[in-house]
Structures are given as C-alpha cells and as structure tokens.
Amino acid sequence: MAELEKRFDRAEEQKIYEKWEKSGYFKPETNKGKDKGEFSIIMPPLNANGNAHLGHALMVTIEDILIRYNRMIGKETLWLPGTDHAGFETQVVYEKVLEKEGKTRFDYERDTLYQMIWDFTESNKSNIKNQLRALGSSCDWDREKFTLDKDIIETVYKVFKKMYDEGLIYRGNRIINWDPYHQTGFSELEVAHKERKTNLTYIKYQIKGSNSYITVATTRPETMLGDTAIAVNPEDKRYQSLIGEIVILPIINREIPIIADGAVEMEFGTGAVKVTPAHDPLDFEIGERHNLPAIQVIDKNAKMTAEAGKDYEGLHVKKARAKVVETLESLGLVEKVEEITHNAAVCYKCGRDIEPLLSEQWFIKTKDLAKRAIKAVEDGEIKFVSKRFEKIYFNWMENLKDWNISRQIVWGIRIPAWFCECGEIIVSEGDEPKECPKCKSPKLTRDQDTFDTWFSSAQWPYAALDWPNGKDYKKFYPTDVMETAWDILIFWVARMIMMGIYITDNVPFKTVYIHGLIRDSKGQKMSKSKGNVINPMDIIAGYGTDALRFSLVIGNAPGNDLNFDENKIKGNRNFVTKLWNIARFIQMNAPQAKEVSRETFTIADQWILSELETLKETMTKHIEKYELHLAAEALYDFVWYKFADWYVESSKYYLNDHQTTGNTQGVLRYVLSETLKLSHPFMPFVTEAIWQGLELSDKMLIIEEWPQKEYKRDKAASDEFEIIQGLVAKIRNLGLTKDDSHTIQKKELENISPSHIELIANLARIKKINLS
RNA sequence: GGGCGCUUAGCUCAGUUGGCUAGAGCGACUGGUUUACACCCAGUAGGUCACAGGUUCGAGUCCUGUAGCGCCCACCA
C-alpha cells in the first residue's frame with residue numbers, strides 16, 4: 001500500500017478517469033442482471049462550436065451525481081452523451097472566423113462551406129469531449145451521438161415526412177421574421193425586442209368621393225406603399241360610418257377599403273390602422289381574415305421592390321421612409337409626427353433589425369401537439385424540478401404559434417423536399433425522387449433550405465436512442481430525467497415534449513430538472529464581450545474538479561441562478577483536502593481492515609455510527625427528491641464537524657488503549673468507507689483515489705453499493721457523547737494548556753459516566769480533570 | 001399588456017409538507033504551532049426573515065395588498 005501524498009494531486013484525476021473509462025463501468029451493462037431497474041439520462045447535446053463553460057460544468061455535475069448515485073443503487077444506468085451541430089448558432093460563430101480572413105459565407109459554394117464548417121465542428125467536438133472528461137462525466141462514450149449522424153438524419157427525415165403526410169407540416173407563403181443581415185428567416189423565439197425611440201407619423205388618407213380624410217398612425221411610413229386596407233375596430237364609434245368606404249392610397253393612388261377588425265386597438269394612435277399584409281404580422285392576420293391582397297414592397301435585402309414604384313425601387317427601407325414622409329409632407333398629408341418608444345424586433349444574436357415579410361417556408365401546426373404536451377404535465381406524467389417552471393411552460397404552450405422550421409442557411413439538415421415545375425411538392429424520407437409522381441417530369445429541384453436546429457434537437461430523446469427499433473429505445477425510453485438550463489426551457493424542452501408524445505405516444509422523460517444560470521460574482525451574465533467569462537478548465541487546474549463540482553452544487557437550490565465566487569471554490573477545495581487528511585490519518589493509524597465487535601463499542605463509536613445512519617438516510621432522501629444542494633450540505637457537515645472534529649479526535653484517545661484499539665480502527669475504516677461511498681457522486685476523483693489508496697476493497701469505488709441501513713442507534717450513548725462535546729468546548733475556551741488541570745462540579749457530570757472523565761480531559765487537551 | 005421570480009447575518013446563499021431559542025460558507029473579532037490537516041482547531045459577535053394586513057394554538061414558510069429589483073412572453077401599428 002502506497003502512502004497517500006500530503007495533498008491530493010490533481011494530476012491524478014486524469015489517470016483515475018482513464019481507469020474508469022477503460023473498465024467499462026460507464027456502461028449500463030455494468031449492472032446487468034441486478035434486477036434493480038433502469039435509470040437513464042440523455043445529455044443535452046453540446047453545441048459543437050466552442051468550449052465548455054461553467055453552465056456545462058453545472059449540467060455535467062448534476063447529471064453525473066444522479067448517474068453515479070443510480071449506478072451505485074444497482075440500476076442499469078445509461079447516460080448518453082452527444083453534440084449538436086447548432087445550425088444558426090454555429091454559422092454565426094463560423095462567420096466570425098471567416099470575417100477574420102476577410103471572407104463571408106457567400107464567397108463559398110454550398111458544399112465547400114458545409115465541409116469547412118464540418119471540419120470546424122469536428123475539432124470543437126473533440127475539445128469539448130475532453131473537457132467533459134475532465135469534469136468527471138461518467139457517460140457511455142461508445143453511445144455518443146451527433147445531430148448530423150446518418151441515423152439521426154434518417155429519423156428526422158422519417159418524422160418530417162410523417163408530419164407532412166399527416167398534415168401537421170405545411171409549406172406556406174406566410175409572414176415570417178426575416179433577418180436581412182444573416183439572410184435567413186426565424187421562428188418567433190429567435191426574435192428579440194429592443195426598446196427604441198421612433199417617430200410615429202400620422203398620415204391622412206383621402207376618402208374617395210369626399211373631401212374628408214381618415215388619419216392613421218405608423219412607425220413604418222414606407223410600408224404604406226404596400227397598404228391594401230385601412231382597419232378600424234368595429235366597436236369604435238368614431239369610424240362606424242366609414243366602414244366600407246374606399247380611400248385613395250397617396251403616392252400610389254390605389255383604392256383600398258376601410259374594414260373593421262377586432263384586433264385594432266382603439267386607444268393607440270388614431271384608432272385607425274393602415275394594413276400592410278406583406279410586412280407586418282398583425283396586418284398579415286387581418287389580411288387573411290378579410291382576403292386582402294399582400295403586396296410585397298420590401299425585399300430580402302431590406303430594399304424596396306418594383307411594387308413600391310420606380311421612385312422607390314432599390315432604396316433601403318430607411319431611405320425610403322424619409323422619402324415617403326417628405327413626399328407626403330409636400331402633399332400636405334402628414335398631420336403630425338410624435339416621438340414614441342416602442343419595441344423593435346431585432347435578431348437575438350446580432351441585434352440588427354428584423355424585417356417581417358412574406359416568404360415560402362415550412363411550418364409545423366403546433367396547436368394539437370401543444371394540447372397533448374400540456375396535458376402530460378397537467379397529469380403529472382412529466383414533473384418539473386422546481387415546480388415553478390411548469391407555470392412558465394403552460395404560459396408559453398397556451399400561446400403557441402405555428403413554428404417556422406426552415407432556415408436559409410447551409411449548416412444543418414437539408415430539408416428533404418423537391419419541387420416540380422408543375423407545382424407539385426415531393427417529400428421523401430429516403431432517396432432522391434426520380435420524377436414527379438403527378439406530371440412525371442424528371443426535372444425536380446431540391447429545397448435549398450435546412451431545418452431549424454431545434455427541429456432535430458426536439459427529437460433528441462427518441463432519435464438518440466435509435467427509435468423505433470433500437471435496443472436502447474426499448475429499454476430506456478422514456479428516460480428518467482431531462483436536465484437543462486431554464487433559458488432553453490421553451491426552445492427545447494417544450495418542443496421535445498410535443499415531438500416525443502406525437503411520435504412515440506409516450507412522454508420523452510419523466511422528470512425535467514431545471515438548473516439556473518451561472519453569473520459572475522456581481523450577478524452579471526457572463527459574456528465574451530464583457531470579458532467576465534470564467535473558464536471551468538482554469539478552475540479545475542487551480543482547485544481540482546471535485547472542489548468545482550461540490551461548489552456548483554452545495555447551497556444552490558434547483559433553478560436558481562448562481563453567482564460564481566472563487567472564495568467558495570477555495571472553501572470547498574479545503575473540504576476535499578479535509579477528506580483527504582482524514583484518510584491519511586486512518587492510513588497511519590488503522591492501516592488494516594479490522595473486525596469490530598458491537599458489544600464493546602465506545603460512546604464515540606455509538607455516536608458516530610448513529611450519525612452516519614442519519615446521514616445515509618438524509619442523503620438518500622434528498623437525492624431521491626433532487627435536492628442535491630441539501631444532500632451536499634449534510635455531507636459537508638458530517639465529514640467536517642462530526643467525523644473529523646469529534647470522532648477522529650476521540651479516536652486518538654481510544655487508539656492508545658489496547659482494549660479499544662481494534663474496534664476504533666475498525667470503526668474508523670468503516671465510517672471512512674461509507675463516507676467515501678456517500679461522497680463519491682459529488683466528488684468522484686478524490687474519493688476513488690482514497691478508496692484505492694487505502695485498498696478499502698478490491699472493487700473500484702464507482703461500482704460499490706450505495707450505503708444501506710446497518711447499525712441500530714444507541715441513543716443513550718450518543719447523547720452522552722454530545723454532552724461531552726459541549727463540556728469539552730467550554731473547557732477548551734478557557735485557554736488552558738496541556739499541563740493544566742481543571743476542576744468541575746459533580747453536577748455538571750450528571751449524565752456522564754465517571755469512566756469518561758479521562759476522555760474529556762484528553763479531548764480538552766488538558767492534563768487532568770478534578771471533581772469538586 | 002400578460003406571466004414568473006427575488007427581497008433572510010457585512011457579503012453569497014440554504015431553510016423540504018407552517019412546529020422547539022432562524023442556519024451555512026466567506027468576512028470580522030477572541031484564543032490556540034494539539035503526534036491527519038494553518039487548505040487547521042476551540043469560540044464570540046452579527047438577523048424586528050422588504051413593508052402592511054389576514055388565516056392559525058403557532059407564519060421566514062399559507063392568503064391579500066404595497067414597494068424595490070430581476071427575468072420571460074406579447075401584434076401599441
């Protein structure tokens with residue numbers, strides 16, 4: 001047996017990890033035949049476009065704790081790792097790489113660009129996987145998946161076709177959020193809103209056949225070139241008589257009707273609104289209800305089209321806006337201009353303006369999918385930790401819109417649809433179609449677009465498990481826990497629930513554990529631009545993985561954001577060292593396994609064993625309830641303030657008495673080994689290192705059994721030991737030295753056996769206690 | 001406009017279904033080189049649990065309202 005070093009060497013962590021990985025214990029097969037059931041977690045696929053951050057560290061820590069605990073319980077435990085191509089996100093990252101070389105993505109052919117991003121992604125993947133290893137992730141790397149794996153794409157295609165055939169997916173020319181800078185459409189979720197001051201222009205439209213006008217207010221005067229109606233609220237008394245009248249659209253001189261629609265707010269502006277179905281989401285809806293034509297006056301580069309008239313064609317919207325206002329003013333049609341603050345739609349990544357415009361895209365009808373997804377949570381088939389996230393989930397699901405799943409980018413899963421000249425759309429889940437089934441023409445062009453990344457990640461739970469026939473799918477679906485951060489609750493979790501139920505007729509997971517965001521010490525979000533990002537690998541290098549993991553978990557209630565504080569890490573590094581030193585003490589003083597005899601337990605033995613039983617119960621209960629922060633706290637308290645401070649201290653006295661030496665050694669080793677098992681999910685490295693260093697068994701700690709109830713408590717003995725602790729503390733605070741003696745009154749020793757007076761003197765580090 | 005949180009010791013936060021004198025870590029202060037550990041040991045101080053009502057034998061915990069802070073969603077053109 002090699003002697004433990006003075007300090008736990010962080011470099012050992014890597015070796016321990018290699019041993020584990022080589023052993024195959026990360027695989028569910030480790031517990032095959034134990035008949036304790038299954039436990040599974042699919043790891044949220046990591047974006048393969050950068051390095052691991054502290055959020056990943058938190059995710060891995062929580063999941064790894066659950067996995068290691070369940071593995072020790074004896075369940076067949078699957079933790080499936082994966083990476084995500086992260087379509088648009090990765091493209092944005094990669095565009096920055098290109099920018100440094102003075103290029104843009106439009107400088108490359110589709111296939112070349114795809115290959116370049118592929119290579120970029122591959123190198124990131126291997127980095128990030130090594131970072132997960134450094135964090136101690138005991139996931140089954142042989143089952144790793146990538147969202148662009150062949151089998152995943154096949155699943156995505158199969159599902160797309162099924163949804164198309166069943167009418168849940170349709171292609172439509174609808175208003176979408178277009179990003180002229182990135183040249184792609186977005187779903188509602190990728191649009192951010194920025195408060196901004198802007199002019200609200202009041203424009204007069206002449207009513208046909210009269211000299212009177214109706215005034216509308218708009219922040220986007222240039223879109224008036226595409227107006228096809230004026231709308232007022234049907235309840236609005238001011239405009240009752242005008243409904244059905246025709247107005248002359250200035251500049252263009254188009255005749256458009258005044259219509260009534262309930263969506264119009266009477267309080268805003270003049271209560272009359274210009275309707276531009278092609279360039280405003282609300283107007284689009286009004287247009288649909290009233291069968292209004294949609295005239296596209298803005299193109300995908302945010303420039304005016306020919307429809308806007310030759311005076312405006314080619315002008316950028318901002319220039320066109322100024323020109324329209326100028327022209328209207330010269331015609332005397334601008335009533336007034338007010339400055340207002342409103343929320344402008346911008347790209348969530350770069351903050352540039354979003355242009356709502358008409359575009360052919362693929363949409364998912366979400367209404368029915370949402371209904372079932374809501375019910376599953378209402379019925380408790382899926383539970384959220386913490387429960388408050390259910391409210392957010394419901395709030396969003398009840399207001400869902402159809403989901404635009406097509407993106408005009410190269411990096412992603414290409415949509416398997418072909419268009420024929422005859423107008424037919426062919427969706428194929430497999431090979432490229434040879435000819436149009438309708439007109440038999442062989443001239444088919446494939447859709448250029450790719451899927452929204454979330455369309456594939458929404459399918460992750462069943463796709464990664466090889467739905468529908470895979471062995472893992474049959475055994476582990478639905479998974480037990482989906483663990484992720486709250487900021488992708490609706491992007492991802494909600495959509496997985498919808499897709500999972502639709503495809504498998506079963507929920508994709510039973511519990512959703514939501515963790516918080518990690519902020520800097522001042523509570524600010526970490527971001528590259530602020531320069532306050534902390535790299536978990538630096539923390540690991542400085543303090544060790546165990547200290548980092550423990551710090552991320554202790555005192556952090558599920559779902560709450562966490563302010564990262566290096567002092568906390570330091571404190572928990574000290575805790576790791578504490579455990580290490582307990583082990584060193586035991587190695588020196590109880591080097592061999594010893595049988596214990598229960599009949600001759602000392603009060604200290606009784607006390608620590610009783611406390612240990614309590615700890616086992618407490619920790620098990622907390623972990624089962626996903627209260628990892630409380631489990632960690634109980635562990636910390638036991639190891640430091642009970643085991644180290646009192647039991648190890650009193651063992652110094654008992655080890656010197658040959659009558660109690662053997663039992664004390666046995667109990668020291670026993671309590672240590674049980675403590676290591678209980679600590680292992682939280683601090684896997686140091687515990688395994690001690691376990692093997694002290695040769696506590698011939699198995700690795702990672703596959704030891706989670707501690708079960710073992711000792712019956714002797715309450716009287718434990719109580720007595722606690723009274724002694726109080727007494728000792730009091731005496732120690734008197735500032736006596738080892739040569740002093742101290743006199744105490746007999747009545748203070750009421751519940752203490754006289755045989756323990758020497759123990760008290762010993763713990764108090766004084767020579768002798770006299771009684772008076 | 002709708003929704004969700006937060007407000008507990010100087011700082012960062014716990015506090016499970018309402019139940020003993022409200023806890024931890026860090027910091028501060030007092031004392032201690034004790035044969036595992038100064039990345040240590042024994043202690044001390046510090047809180048009208050944001051505020052105001054209510055329910056209850058009992059409220060940090062449940063209800064109502066107020067204030068401050070934060071976040072999410074949303075079609076004020």
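Sequence lines set the chain letters: A, B, ... in the order given, protein chains first and strands last, and positions in each chain run from 1. Values below: every heavy atom of this structure, side chains too, minus hydrogens, waters and symmetry copies.
No more than 12 heavy atoms of other residues, nucleotides or ligands shown are found within 6.0 angstrom of NZ on Lys730(A). At most 12 non-hydrogen atoms from other residues, nucleotides or ligands lie less than 6.0 angstrom from CD of Glu758(A).
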Nucleic acid footprint by protein, nucleotides 33-46 of chain B - heavy-atom cut-off 4.0 Å, B for base, S for sugar-phosphate alone: -B-BB-BSSBS---
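Taking atom P in both G3(B) and A22(B), the straight-line distance is 37 Å, to the nearest Å. When the C1' atom is used for both U55(B) and C13(B), the distance is 30 Å, rounded to whole Å. For the P atoms, the distance linking G58(B) with G18(B) amounts to 15 Å, nearest Å. If you take atom P in G60(B) and the same atom in A67(B), they sit 24 Å apart, rounded to whole Å. Nucleotides C71(B) and G27(B) place their C1' atoms 30 Å apart, quoted to the nearest Å. A gap of 28 Å separates the C1' atoms of A77(B) and C4(B), to the nearest Å. Nucleotides C40(B) and A36(B) have their C1' atoms positioned 10 Å apart, rounded to a whole Å. Atom P of G1(B) sits at a distance of 14 Å from the matching atom of U66(B), rounded to the whole Å.
Ranked by how close their nearest RNA chain B nucleotide is to the 5' end, Thr218(A) and Ala557(A) are led by Ala557(A). Residues Tyr636(A) and Trp486(A) each lie close to RNA chain B; by heavy-atom proximity, the contact nearer the 5' end of the strand is made by Tyr636(A).
Looking only at distances, a side-chain donor or acceptor of Gln296(A) sits under 3.5 Å from a matching main-chain atom of Ile298(A).
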Under 3.5 Å, which donor-acceptor pairs link side chains of residues 262-276 of chain A to any protein atom two or more places apart or in another chain?
| unit_1 | atom_1 | unit_2 | atom_2 | d |
| --- | --- | --- | --- | --- |
| Thr270(A) | OG1 | Thr215(A) | O | 2.5 |
| Thr270(A) | OG1 | Ala272(A) | N | 3.2 |
| Thr270(A) | OG1 | Ala272(A) | O | 3.4 |
| Lys274(A) | NZ | Thr223(A) | OG1 | 2.6 |
| Lys274(A) | NZ | Asp227(A) | OD1 | 3.0 |
| Lys274(A) | NZ | Thr276(A) | OG1 | 2.9 |
| Thr276(A) | OG1 | Asp227(A) | OD1 | 2.7 |

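Glu390(A) is linked by a salt bridge (Lys or Arg N to Asp or Glu O under 4.0 Å) to Lys387(A), counting only residues two or more places apart in sequence or in another chain.
The pair Arg220(A)-Asp283(A) does not count as a salt bridge, with every side-chain nitrogen at least 4.0 angstrom from each carboxylate oxygen. With respect to the salt-bridge test (charged N to carboxylate O, under 4.0 angstrom), the residues Arg7(A) and Glu5(A) do not qualify.
Using the six-membered ring where Trp is involved, Phe638(A) and Phe643(A) have ring planes that are parallel, under 30° apart on the 30 and 60° scheme. Between Phe682(A) and Phe550(A), the ring planes are perpendicular. Angles over 60° get that label, and only those under 30° would be called parallel.
Rounding to the nearest 0.5 Å gives a distance of 9.0 Å between OH of Tyr393(A) and CD of Glu378(A). Atom CZ of Arg573(A) and atom CG of Asp546(A) lie 13.0 Å apart (nearest 0.5 Å). Separation of atoms CG (Asp561(A)) and NZ (Lys525(A)) is listed at 9.0 Å; rounding is to 0.5 Å. The CD1 atom of Ile731(A) sits 12.5 Å away from the CZ atom of Arg765(A) when rounded to the nearest 0.5 Å. Once rounded to the nearest 0.5 Å, the distance linking CG of Asn572(A) with OH of Tyr543(A) reads 11.5 Å.
Base pairing annotation: A52(B) forms a Watson-Crick or G-U wobble pair with U64(B), both donor-acceptor distances under 3.5 Å. Nucleotide U33(B): unpaired (no Watson-Crick or G-U wobble partner with both distances less than 3.5 Å). Using the Watson-Crick or G-U wobble rule with both distances under 3.5 Å, G10(B) pairs with C26(B). Under the Watson-Crick or G-U wobble criterion, with both distances below 3.5 Å, G58(B) has no partner in any strand shown. Nucleotide G70(B) forms a Watson-Crick or G-U wobble pair with C4(B), both donor-acceptor distances falling under 3.5 Å. Across all strands shown, C76(B) has no partner, as no Watson-Crick or G-U wobble contact with both distances under 3.5 Å is found.
For the residue pair Tyr626(A) and Tyr513(A), the shortest heavy atom distance occurs at O-CE1, 3.6 Å.
Rounding to whole angstrom units, CG of residue Asn199(A) and P of A77(B) are separated by 13 Å.
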Verdict with supporting geometry, Thr614(A) and Glu611(A), side chain to side chain donor-acceptor pair (under 3.5 Å): CA-CA 5 Å; Thr614(A) 306; Glu611(A) 292 294 334; 4.9 Å; no
Find every protein N or O atom lying less than 3.5 Å from an N or O atom of nucleotides 3-9 of chain B, and list the pairs.
| unit_1 | atom_1 | unit_2 | atom_2 | d |
| --- | --- | --- | --- | --- |
| G5(B) | OP1 | Lys391(A) | NZ | 2.7 |

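Glu633(A) comes within 4.0 angstrom of the backbone, heavy atoms only, and of no base. As judged by a 4.0 angstrom heavy-atom cut-off over every strand, Val264(A) is placed among the base-contacting residues. Leu630(A) comes within contact range of the sugar-phosphate backbone alone, with a heavy-atom separation under 4.0 Å but no base atom that close.
Near RNA chain B, meaning a heavy atom under 4.0 Å away, the residues from residues 219-233 of chain A are Thr219(A). Shown for residues 268-285 of chain A: residues whose heavy atoms fall under 4.0 angstrom of RNA chain B, namely Phe268(A), Val273(A), Leu282(A).
The phosphate of U16(B) has neither OP1 nor OP2 within less than 4.0 Å of any side-chain N or O from His629(A). OP1 or OP2 of C73(B) has not a single side-chain nitrogen or oxygen of His193(A) nearer than 4.0 Å.
You'll find that the side chain of Leu189(A) is closest to C73(B), out of A77(B), C73(B), U16(B).
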